Student: 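What follows is a structure written as structure tokens; I'll ask about it next.
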Amino acid sequence: MYGYVARQPIFAADKTLYGYELLFRNGEVNSFPNIDADEATSKLLMQHHLLLGVENITANKLAFINFSADTLLYRFPAFINPASTVIEILETVPATPELLAVCQSLHSQGYKLALDDHDFDPKWDEFLPYISYIKVDVLQFNILQISRYLRRIAKYPLLLLAEKVETAEQFEKLKMLGFHLFQGYLFARPEMLKQKQLS
């Protein structure tokens, strides 16, 4: 039996490696399997920490890991090192008072939080003081929409991460808008890692 994980690199504006988003895989096919998001997170964490080891997967760079609502609210794994991991709050997670309290608590413990596939909805504004990264799917919005939103949140010290950057032209425009980090096929596709599992 083998454990699988895919990693997609995240680059700074000068194209130096910043970190990796870790993606759960349950076989050698490099795509997300048809399983529950909570199960994917727990299996990814088990493989990430116990089987492959954070240093081996991320080369001592930050690991960005997706978290669903239930994992954040009820089963947050306390063994995660806040110095090496960014907690990505999935776009499917509802913006509830309970989630806000969890974000406040994690932030106070030194964890870095990211809003994944952020949709610019004002309901997230009260979360922003506790968020370190905003991830924007740049294929979902045009440059004008993104620019308007960034002006609205400019008072917050956020790192802006552009997802799904596919062309050099996009990259240059996004840098001019103030994005700090970049991820997408222009730079690299997710890379599969395979490790023999513990029984």
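Please read all numbers here as calculations on a predicted model, not as lab measurements.
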Student: Where is the tightest heavy-atom contact between Pro9 and Leu17, given as atom of each residue plus distance?
Tutor: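 Pro9 and Leu17 have their closest heavy atoms at CB-CD1, 3.6 Å.
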Student: Would you mind reporting whether Tyr20 and Leu62 have side-chain heavy atoms less than 4.5 Å apart?
Tutor: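 Not in contact.
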Student: Going from OG1 on Thr85 to OH on Tyr111, what distance comes out if it is rounded to the nearest 0.5 angstrom?
Tutor: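 Reported value, rounded in 0.5 Å steps: 8.0 Å.
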Student: Looking only at heavy atoms, which two atoms of Gln145 and Gln140 are closest? And how far apart?
Tutor: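 Closest approach of Gln145 to Gln140: OE1-O, 4.4 Å.
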Student: Start with the C-alpha gap between Thr16 and Asp14, add the side-chain angles, then the distance that decides, and say whether side chain to side chain donor-acceptor pair (under 3.5 Å) holds.
Tutor: CA-CA 6 Å; Thr16 57; Asp14 63 0; 2.6 Å; yes
Student: Any chance the rings of Phe182 and Phe171 have centres within less than 6.0 Å?
Tutor: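 Under 6.0 Å, so yes.
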Student: Going by atom type alone, with no hydrogens or angles, which donor-acceptor pairs under 3.5 Å involve a side-chain atom of residues 161-168 and a protein atom two or more places apart or on another chain?
Tutor:
residue : atom : partner : partner atom : Å
Glu163  : OE2  : Lys135  : NZ           : 3.4
Lys164  : NZ   : Asp137  : OD2          : 3.2
Thr167  : OG1  : Gln170  : N            : 3.0

Student: Working to the nearest 0.5 Å, report the span between CD1 of Ile153 and CD1 of Ile131.
Tutor: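 Between atom CD1 of Ile153 and atom CD1 of Ile131 there are 11.0 Å.
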Student: Within the 4.5 Å heavy-atom criterion, are Cys103 and Leu106 side-chain neighbours or not?
Tutor: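 No; the side chains remain at least 4.5 Å from each other.
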Student: Check whether any side-chain heavy atom of Phe127 sits under 4.5 Å from a side-chain heavy atom of Leu99, and report yes or no.
Tutor: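 They are in side-chain contact.
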Student: Is there a path of hydrophobic side-chain contacts, each under 4.5 Å between heavy atoms, that joins Leu181 and Met176?
Tutor: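 Not linked; separate clusters.
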Student: Less than 4.5 Å apart, side chain to side chain, heavy atoms only: is that true for Ile87 and Leu72?
Tutor: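 In short, these two side chains touch, coming nearer than 4.5 Å.
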Student: Counting only N and O atoms by type, is there a donor-acceptor contact under 3.5 Å from the side chain of Ser108 to the main-chain atoms of Ser105?
Tutor: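 Judged by distance alone, yes, a pair lies under 3.5 Å.
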Student: With Pro157, which residues qualify under side-chain contact (heavy atoms from CB on, under 4.5 Å), at least two apart?
Tutor: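 Testing Pro157 for side-chain contact (heavy atoms from CB on, under 4.5 Å), a comparison that skips the adjacent residues, returns none.
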Student: How many angstroms lie between atom CG of Asp117 and atom CD1 of Ile134, to the nearest 0.5 angstrom?
Tutor: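 Rounded to the nearest 0.5 Å, the CG-CD1 separation comes out at 11.5 Å.
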Student: Mind checking whether Leu100 and Tyr130 have side chains closer than 4.5 Å, heavy atoms only?
Tutor: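 Of all side-chain heavy-atom pairs linking Tyr130 with Leu100, at least one is under 4.5 Å.
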Student: State whether the number of non-hydrogen atoms from other residues, nucleotides or ligands found under 6.0 Å of Glu172 atom CD is greater than 12.
Tutor: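 Check passes, neighbour count above 12.
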Student: Go through the structure and list residues passing side-chain contact (heavy atoms from CB on, under 4.5 Å) with Glu98, not counting sequence neighbours.
Tutor: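 Result, side-chain contact (heavy atoms from CB on, under 4.5 Å) vs Glu98: Leu73, Thr96.
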Student: Applying side-chain contact (heavy atoms from CB on, under 4.5 Å), can you list everything that pairs with Ala101, at least two apart in sequence or on another chain?
Tutor: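 Per chain and number, Ala101 pairs via side-chain contact (heavy atoms from CB on, under 4.5 Å) with Gln104.
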Student: Evaluate the side-chain proximity of Leu113 to Val86: yes if any heavy-atom separation is below 4.5 Å, no if none is.
Tutor: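 Contact flag for Val86/Leu113 side chains = no.
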Student: Quick one: closest heavy-atom pair of Arg7 and Leu22, and the distance?
Tutor: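 Looking at all heavy atoms of both residues, the shortest contact is CB-CD2, 3.7 Å.
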Student: Is the shortest side-chain heavy-atom distance between Leu115 and Trp124 below 4.5 Å?
Tutor: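 Touching, per the 4.5 Å side-chain cut-off.
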Student: With a 4.5 Å heavy-atom cut-off, do Ile146 and Asn142 have their side chains touching?
Tutor: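 Side-chain contact under 4.5 Å: no.
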Student: First locate atom CD1 of Ile80, then atom CD1 of Ile65, and finally report the distance between them rounded to the nearest 0.5 Å.
Tutor: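 One finds 5.5 Å between CD1 of Ile80 and CD1 of Ile65.
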Student: Kindly write out the residues that satisfy salt bridge (charged side-chain N to carboxylate O under 4.0 Å, His left out) with Lys112, not counting sequence neighbours, or none if the list is empty.
Tutor: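 Result, salt bridge (charged side-chain N to carboxylate O under 4.0 Å, His left out) vs Lys112: none returned.
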Student: Return the NZ to OG distance between Lys61 and Ser84, rounded to the nearest 0.5 Å.
Tutor: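 Between Lys61 NZ and Ser84 OG, I get 13.5 Å after rounding to 0.5 Å.
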Student: Please report the interatomic distance CD(Glu88) to CZ(Phe67), rounded to the nearest 0.5 Å.
Tutor: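 With rounding to 0.5 Å, CD (Glu88) is 9.5 Å from CZ (Phe67).
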Student: Output every pair passing side-chain hydrogen bond (donor to acceptor under 3.5 Å, both in side chains) with a member in residues 146-162, not counting sequence neighbours, ordered by first then second residue.
Tutor: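 Every side-chain hydrogen bond (donor to acceptor under 3.5 Å, both in side chains) pair that includes a residue of residues 146-162, provided the two are not neighbours, is His118-Tyr149, Asp125-Arg152, Ser147-Arg151.
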